[in-house]
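In what follows, a single structure is set out as structure tokens and then discussed.
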Amino acid sequence: MKKVISVDLGASNGRLILMKLQDNQLELEVLHRFTNEPIKRDDHLFWDITTIFREIITGLKTYAANFEGPLDGIGVDTWGVDFGLISWENELLEDPYSYRDTHTAKILGDVHQMVDERGLFKQTGVEPAPINTLYQLFAIQQTRPELLEQASTILTLPSLVNFLLTGEKFNEFTHASTTQLMNVETKNWDEHLMKKIFQEKLPLAPIKKTNTVFGYLKDELIKEVGISHGKLPVLNVPGHDTSCALVAMAKKGKKAAFMSCGTWVLMGIEVEKPVTSDEAFSWGFTNEGTAEGKYRLQKNNMGLWLLQQCKKEWSEHGEPISYAEANELMLKASPFQSFINPDDEIFFNPQSMVKAIQTFCKQTGQKIPQTKGEIIRCILESLALKYRWLVERLEKLSAREIPSIHMAGGGIQNSWFCQFTANATKKPIQTGPIEASAIGNALSQFIALGQFKDVEDARKVVAFSVEIKDYIPQDVSNWDNVYKKFIHYI
């Protein structure tokens with residue numbers, strides 16, 4: 001039996017999950033979960049790395065106290081774009097900025113005067129967005145140049161955690177691909193781009209091959225945690241959580257689309273080379289790395305954030321509903337009464353999501369949803385129809401038909417969300433696993449340890465270890481007619 005720990009860090013929570021591999025079967029056990037929210041300091045938002053790291057150590061101690069035998073590896077994945085600055089004395093200079101901070105909002109124009117958006121997209125494959133590492137670093141250079149001067153090394157977030165665990169300084173390909181500082185052709189840092197924008201080469205740590213040994217847990221941490229089985233490798237798994245999730249999707253063929261589903265939905269396809277056409281740029285697509293050194297052509301879209309915020313709002317008004325009750329109310333409401341564009345900026349973070357939905361419908365001359373069921377149905381139908389829009393553009397960009405879609409992540413627990421997506425897109429859908437990023441993290445560790453030869457080999461285990469559910473498109477003609485109406489609202 002092989003045992004590894006997936007350290008799966010999200011922008012609202014983190015978890016350490018023990019993964020056991022025996023006889024081509026995966027067994028999962030949660031060691032530790034914790035909340036993770038940015039902290040406010042001097043009117044800026046930062047990630048509390050000290051607390052995050054302490055929670056990781058707590059999870060490792062839980063393993064040491066409850067399980068016998070050697071642990072074979074640890075792997076870390078996080079959300080994209082954020083990073084840490086390491087001093088010449090090998091200390092973290094300060095907590096990393098959170099991508100939710102607004103300090104980049106006003107500097108995009110300054111960057112684009114030095115390199116145009118279209119050229120930037122062609123070089124990096126990444127959609128220009130204020131959250132990207134490039135803009136964050138430029139904002140720091142403009143407002144706090146002394147901070148960059150004190151930095152000997154820049155580490156993307158999962159690599160920063162790995163540094164704290166091992167003392168080694170490397171970056172990883174899939175996470176580097178989110179920074180907008182990596183050249184898509186060379187798959188290395190774009191020094192020419194850096195000199196053009198920053199007038200110097202940034203001290204980004206070298207990119208180490210994915211699914212290799214990053215380093216070994218520090219001796220003092222081995223002692224503190226209580227693991228007494230020799231050296232413990234920290235493995236350089238795909239640092240970006242979506243890349244990890246993709247490893248865990250046992251898709252029906254390489255041409256199937258993927259959807260990583262939760263608060264947000266990342267939808268795309270795997271491609272050999274990045275797609276940087278004018279259409280890809282204008283439609284807001286991006287290209288990010290895979291565990292195999294290829295790319296994901298994808299778009300970040302609204303997911304179940306809309307429903308989550310409505311449920312939170314109702315709860316705050318003393319009218320909480322469970323997900324089962326939400327489904328029951330939705331089924332009582334008439335279908336196809338009103339639609340929203342889920343990705344309209346009005347829905348990004350409104351004071352009242354219910355009022356935002358009603359406002360959009362009023363402004364577009366539609367029936368205004370009033371009951372909880374009508375609002376829920378409006379959300380789920382609109383999300384599904386927007387994914388149809390995305391599928392059509394993915395097919396055009398790739399010049400190929402997408403035969404099916406594989407959905408994974410926490411969002412797949414909403415069965416109507418999955419069924420409506422099948423209906424709207426007219427594609428058969430497979431779902432699973434729920435813990436996709438953590439499982440993909442573990443599978444990548446097992447690849448690094450020689451248990452699987454590659455990602456395709458590792459994916460075979462998923463089908464034997466987790467529930468895979470199928471959804472077949474239904475009522476297609478009605479959804480086709482409705483889609484013709486929906487596209488006027490996006």
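For clarity, every value in this text was computed on a predicted model and none was experimentally measured.
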Subject >> NE2 (His44) with more than 12 external heavy atoms under 6.0 Å >> reply: yes

**OP:** Please say whether more than 12 non-hydrogen atoms of neighbouring residues, nucleotides or ligands are located less than 6.0 Å from CD in Glu220.
**Re:** yes

Subject >> Residue pairs, two or more places apart or on separate chains, that pass side-chain hydrogen bond (donor to acceptor under 3.5 Å, both in side chains) and touch residues 75-85 >> reply: Trp47-Asp82, Asp77-Asn441, Thr78-His175, Trp79-Asp82, Asp82-Gln136

Original post:
Which residue pairs pass the side-chain hydrogen bond (donor to acceptor under 3.5 Å, both in side chains) test with at least one member in residues 102-116, sequence neighbours excluded?
Top reply: His112-Tyr135

Original post:
How would you list, by chain and number, every residue that makes a side chain to side chain donor-acceptor pair (under 3.5 Å) with Gln150, sequence neighbours excluded?
Top reply: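 Scan of Gln150 (side chain to side chain donor-acceptor pair (under 3.5 Å), adjacent residues dropped) gives none.
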
Subject >> side chain to side chain donor-acceptor pair (under 3.5 Å) against Glu313, all qualifying residues, sequence neighbours excluded >> reply: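 Once residues adjacent in sequence are excluded, the partners of Glu313 under the side chain to side chain donor-acceptor pair (under 3.5 Å) criterion are Ser352.
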
Results of side chain to side chain contact (heavy atoms under 4.5 Å, CB included) for [X] - residues two or more places apart only:
X	answer
Ala384	Phe420, Thr421, Ala424, Trp479
Thr186	Asn183, Asn188
Phe53	Ile57, Leu164, Leu165, Leu221
Asp72	Lys2, Lys3, Val4, Leu449

**OP:** Only pairs at least two apart or in different chains count here, so list each salt bridge (charged side-chain N to carboxylate O under 4.0 Å, His left out) that has a residue in residues 35-52.
**Re:** Glu37-Arg100, Arg41-Asp95

Original post:
Tell me, which pairs form a salt bridge (charged side-chain N to carboxylate O under 4.0 Å, His left out) where one or both residues lie in residues 279-294, sequence neighbours left out?
Top reply: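 The answer is Glu272-Lys294, Glu279-Lys396, Glu288-Arg296.
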
Subject >> Qualifying residues under salt bridge (Lys or Arg N to Asp or Glu O under 4.0 Å), relative to Glu270, sequence neighbours excluded >> reply: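 Only Lys251, Arg459 meet the salt bridge (Lys or Arg N to Asp or Glu O under 4.0 Å) criterion with Glu270.
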
Original post:
Checking Lys311 against Trp314: charged group under 6.0 Å from the ring centre and within 45 degrees of the axis?
Top reply: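 Ring-cation test returns no.
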
Subject >> Min side-chain heavy-atom separation Asn414-Leu307 under 4.5 Å >> reply: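 The answer is yes, as the side chains (C-beta and beyond) meet within the 4.5 Å cut-off.
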
Side-chain donor-acceptor contacts of residues 195-211 below 3.5 Å, not counting sequence neighbours, with atom names and distances?
unit_1: Gln199; atom_1: NE2; unit_2: Lys196; atom_2: O; d: 3.2
unit_1: Lys201; atom_1: NZ; unit_2: Glu191; atom_2: OE2; d: 3.4
unit_1: Thr210; atom_1: OG1; unit_2: Glu172; atom_2: OE2; d: 2.8

Original post:
Out of curiosity, Glu55 CD to Asn13 CG, how far, rounded to the nearest 0.5 Å?
Top reply: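 Rounded to the nearest 0.5 Å, the CD-CG separation comes out at 11.5 Å.
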
Subject >> CD1 on Ile340 to CD1 on Ile346, rounded to 0.5 Å >> reply: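 These two atoms lie 9.5 Å from each other.
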
